[in-house]
Amino acid sequence: MNKKKVSIIIPTYNNEEYLDKCLASISGKYESNVEILVIDDGSTDHTANIVKKYIYHYNNIHYFYQKNSGVSVARNIGLEKATGEYIFFLDSDDYMSKNGISQLIKYADGQNDLIVFPYALVGDNGFKDDQSEGEETVIVKDCDKIIKSALIGETVISSFSKQDMRSSCSKLIKSEIIRKNNIRFDKNIVIAEDMVFMLHVYEYIEKVLFVNTIVYLYFKNNNSAINSYHPNYINNILKVDSNVDRVIKGKSRELYTAFNFYKLNDIILYLKYDIFNKQNQDTRIDKYKKINDFLKKFEYEKIFNSVKHSEFYKNIKIKQKIIYKITIWKLFIIDEVIFNWVYR
């Protein structure tokens, strides 16, 4: 049986340190079935030269340059250029396992709207590929279950290696669903843009295949966007929450509880990316005033009370519970000390 073509979209920005390894892990394999689209988001390092080196040897690699506009715009350009029947997003500081590409080709058979692979978190010591050989599969048709898993940050198939349902990576997405429903990344969302994108994908899928084979190797990069300073992060929260609200409108009470649980974590993100970030130069009084305004604006205590007896809340780490409660009690000085101790 002829396998469907896969488009691998790689956004990159000044990532010469990792890009070579990323491209090496996917080049020269199943060239007739795979296209690789590298979207350069205005890099000023040697990114272009690295990509051109691979283009010289492999005719299925394509390079596109754009003025620095952010990862969402880069991914959207990739979606516009892609011709494959399935889309696979790969970040340029991550890479694929030894048999990763063959697994993509094997399961890109048109039978499922979405194929989800687990990932492995790797460091400087790399990854042993013999960890990725299991091929147990499970089909899920309850997409509300998948949306719930994304909101509460848990795996769908607990017996499998970890799946991240918030991430757009490590998944084969049928491109017809993206095109037909005009699903794109929101360039105005700086954190959780891929979760919002995937929630909109989940709205339209009917059947998901989970494959218990690790194909995606996630390299923890302390310089990534999720570790940066984002002043006025509250605007990001509003945009994300608005999108989630549209996705779950009219759905089960359980999904609304899961959404409230997700919103409960907004305070952690707000403190991390804005208020207690080392780059925030506001006075302590101004910081505490902003936290207080946040609690009022989002009716945070009401949200907390709606989920504190749920199974979702019972399963979270004690350090998060401490932050939630101290913040609600408005003990901001203690809050700052404990937050810095836990999250630094």
Side-chain angles (χ1 to χ4, degrees), residues 121 148-154 162 164-167 188-196 199 220-245 248 255-344:
L121 183 65
K148 184 188 79 172
S149 295
L151 291 175
I152 66 177
E154 290 187 355
K162 185 170 177 58
D164 186 352
M165 301 313 295
R166 294 178 178 178
S167 173
N188 296 312
I189 298 177
V190 294
I191 298 292
E193 76 287 341
D194 50 349
M195 184 194 78
V196 169
L199 286 176
K220 189 174 183 180
N221 182 357
N222 291 327
N223 295 319
S224 68
I226 61 173
N227 296 295
S228 304
Y229 174 47
H230 297 283
N232 302 313
Y233 184 75
I234 195 169
N235 294 326
N236 194 85
I237 292 172
L238 289 168
K239 293 185 180 76
V240 172
D241 288 357
S242 175
N243 274 275
V244 176
D245 193 54
I248 69 170
L255 274 185
Y256 278 94
T257 302
F259 182 29
N260 278 337
F261 177 78
Y262 175 82
K263 288 193 287 187
L264 188 66
N265 198 52
D266 284 343
I267 189 63
I268 301 288
L269 301 178
Y270 184 49
L271 298 177
K272 177 180 179 181
Y273 295 125
D274 191 345
I275 301 302
F276 293 156
N277 191 283
K278 290 181 178 180
Q279 297 181 57
N280 189 319
Q281 299 299 309
D282 289 345
T283 65
R284 182 164 286 174
I285 292 175
D286 287 339
K287 288 180 180 180
Y288 296 168
K289 183 180 182 300
K290 288 181 178 179
I291 298 173
N292 195 51
D293 291 343
F294 176 94
L295 298 178
K296 291 179 180 178
K297 183 179 183 68
F298 289 91
E299 298 183 304
Y300 196 75
E301 187 169 359
K302 181 179 178 181
I303 291 173
F304 176 79
N305 289 333
S306 73
V307 301
K308 66 182 180 181
H309 298 301
S310 69
E311 288 299 317
F312 309 142
Y313 186 79
K314 291 177 183 177
N315 293 330
I316 65 174
K317 296 177 180 178
I318 188 66
K319 65 182 182 181
Q320 287 178 265
K321 293 179 180 178
I322 292 173
I323 296 294
Y324 296 150
K325 290 182 179 180
I326 290 177
T327 304
I328 288 172
W329 294 336
K330 300 184 180 180
L331 301 174
F332 299 145
I333 294 178
I334 300 175
D335 197 6
E336 182 173 9
V337 172
I338 293 179
F339 185 88
N340 289 327
W341 174 64
V342 170
Y343 290 98
R344 291 289 181 263

Novice: How long is the straight-line distance from CD1 of I316 back to OH of Y313, given to the nearest 0.5 Å?
Specialist: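 It comes to 5.0 Å.
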Novice: Drop me the distance from I267's CD1 to F294's CZ, to the nearest 0.5 angstrom.
Specialist: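 So the CD1 of I267 and the CZ of F294 are separated by 4.5 Å.
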Novice: Please identify each residue that fulfils side-chain hydrogen bond (donor to acceptor under 3.5 Å, both in side chains) with D245, with sequence neighbours left out.
Specialist: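 None.
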Novice: Between NZ of K272 and CZ of F339, what distance do you get to the nearest 0.5 Å?
Specialist: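 It comes to 7.5 Å.
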Novice: According to side chain to side chain contact (heavy atoms under 4.5 Å, CB included), who are the partners of K317, at least two apart in sequence or on a separate chain?
Specialist: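 For K317 the side chain to side chain contact (heavy atoms under 4.5 Å, CB included) partners, ignoring immediate neighbours, are K319, Q320.
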Novice: Answer whether the closest heavy-atom distance between the side chains of I291 and F276 falls below 4.5 Å.
Specialist: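 They are in side-chain contact.
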Novice: Looking only at heavy atoms, which two atoms of K162 and G153 are closest? And how far apart?
Specialist: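 Closest pair (atom of K162, atom of G153, distance): NZ-O, 4.4 Å.
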Novice: Over 60° means perpendicular and under 30° means parallel, so tell me whether F312 and F261 are parallel, tilted or perpendicular.
Specialist: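 Plane angle between 30° and 60°, so tilted.
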Novice: Output all residues satisfying side-chain hydrogen bond (donor to acceptor under 3.5 Å, both in side chains) with D293, sequence neighbours left out; order by chain, then residue number.
Specialist: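 Result, side-chain hydrogen bond (donor to acceptor under 3.5 Å, both in side chains) vs D293: K289.
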Novice: Taking the ring centre of each residue, are F304 and Y300 less than 6.0 Å apart?
Specialist: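 For F304 and Y300, the ring centres are not under 6.0 Å apart.
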Novice: Quick one: do the T257 and N260 side chains pair a donor with an acceptor below 3.5 Å?
Specialist: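 The criterion, which ignores hydrogens and geometry beyond distance, is not satisfied for N260 and T257.
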Novice: Can you check whether F332 reaches K287 side chain to side chain, under 4.5 Å on heavy atoms?
Specialist: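 In short, these two side chains do not touch, never coming nearer than 4.5 Å.
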Novice: Distance check, rounded to the nearest 0.5 Å: D274 atom CG versus D282 atom CG?
Specialist: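 Result: 7.5 Å between the selected atoms.
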Novice: Is there a side-chain contact between N236 and H230 (heavy atoms, below 4.5 Å)?
Specialist: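 Not touching, per the 4.5 Å side-chain cut-off.
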Novice: Are there more than 12 heavy atoms of other residues, nucleotides or ligands under 6.0 Å from atom NZ of K321?
Specialist: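 For K321, atom NZ is crowded (more than 12 foreign heavy atoms under 6.0 Å).
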Novice: About how many Å separate CG of L238 and CG of N188, when rounded to the nearest 0.5 Å?
Specialist: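 Going from the CG atom of N188 to the CG atom of L238 covers 12.5 Å.
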Novice: Within the 4.5 Å heavy-atom criterion, are D335 and L271 side-chain neighbours or not?
Specialist: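 In short, these two side chains touch, coming nearer than 4.5 Å.
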